[in-house]
Amino acid sequence: MTKAKIYVMLKEGVLDPQGGVIQRSLASLSFKGVAKVRQGKVFEILLETHDRREAERQVQEMCRQLLVNPVIERYDFVIEGTP
Amino acid sequence: MRFGVVVFPGSNCDRDCYHVIRNVLRQDCRFVWHQESSLQGLDAVVLPGGFSYGDYLRVGAVARFSPVMSAVAEFAQGGGLVLGICNGFQILTEAGLLPGVLMRNRSLKFICKSVTIRVESTETPWTNRYQSGQALRIPVAHGDGNFFIDSKNLSELQKNQQILFRYCSPEGEILEEWNPNGSIEAIAGICNRERNVLGMMPHPERCSESILGSEEGRILFESVVEWFRQR
């Protein structure tokens, strides 16, 4: 098994109202100096393959077809190996 | 004219659309289950509002993979009329049949109220019986209606007059304070370049009878029937 962790974030320049609310909530809890908050999504996907290359290929394809909307989102992922 | 109303798991405006088409417009109409893979015999297809697949992942993202959506894409490609209302609009953008994306409302709140939208172009199957610049009173009910598109594709929309409806004041002025959800350029509805696919967040089927307070939505359906008759 291979574990992949996929991080999906809104692209720069796309308004993130949820991030804004979290930032203001942190300020109201007296956390000083929070310059910016952006909220995103994390997917943990367990793949049956042991081959890192194959895992990368599958994850790219999953992002392209379903997990990410490229109009507003960008992604990054790490292959963590056998859990 | 024969209409089809697609029913996804979680659609909840399908009955309203069916009622308006059948009982108000007096046109032929049938429900199309999302597992169906043929739209043969239909002249227009409606993707109704609702919360298909619970809005999981992103609104409209999962419905896009329903078997019926390949048929809808093919139907649209062949010039068939496709109307996406609310969740239907979200599905059409996820499926790539319309550009842009519907994001969470700027306020983060679900908005359920009547708004005013302005008809920006009447040269379409959907709006030919409206007056250009006409302000319509129409209900919205959505959490994710904040239309976003990058500047390059936005200018394409503008250049090709694909923006059909924009949120406005009751007098028909485009002012940011009358934009309910933060949509770029106050966009409430767009069509594709060929003008046979329309996506809009407001609900014309909820204002098609005087008993519901407004009949201005019915003109959209009448436009389609008229366009089809003259074709």
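Throughout, a chain's letter reflects where its sequence line sits, starting with A, and its residues are numbered from 1.
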How long is the straight-line distance from CD of A:Gln65 back to CZ of B:Arg64, given to the nearest 0.5 Å? 7.5 Å
I'd like to know whether NZ of A:Lys11 has more than 12 heavy-atom contacts from other residues, nucleotides or ligands below 6.0 angstrom. yes
Would you say that more than 12 heavy atoms from the other residues, nucleotides or ligands in this model lie under 6.0 Å from the CD of B:Glu74, or not? no
Do other residues, nucleotides or ligands put more than 12 heavy atoms under 6.0 Å from B:Gln161 CD? no
Contact class of A:Val8 relative to chain B, heavy atoms under 4.5 angstrom: neither
Can you measure from CG (A:Asp16) to CE (B:Met103) and round to the nearest 0.5 angstrom? 7.0 Å
Does B:Gln77, at its CD atom, have more than 12 non-hydrogen atoms belonging to other residues, nucleotides or ligands within less than 6.0 Å? no
In this structure, are over 12 heavy atoms from other groups packed under 6.0 Å from B:Arg30 atom CZ? yes
B:Asn153 versus chain A, the contacting section by heavy-atom distance below 4.5 Å: neither
Given a strict heavy-atom distance threshold of 4.5 Å, which part of B:Leu57 is in contact with chain A: side chain, backbone, both, or neither? both
CZ (B:Arg58) and CG (A:Leu66) are apart, to the nearest 0.5 Å, by 6.5 Å
For B:Tyr56, does the OH atom have more than 12 heavy-atom neighbours from other residues, nucleotides or ligands under 6.0 Å away? no
Counting only heavy atoms closer than 4.5 Å, note whether A:Lys41 contacts chain B via side chain, backbone, both or neither. side chain
Crowded around B:Trp227 CH2? As in, over 12 foreign heavy atoms under 6.0 Å? yes
Please report the closest heavy-atom contact between B:Asn105 and A:Pro17, naming both atoms and the distance. O-CG, 4.1 Å
Engaged part of A:Gln18 at the chain B interface, taking heavy atoms whose separation is under 4.5 Å: both
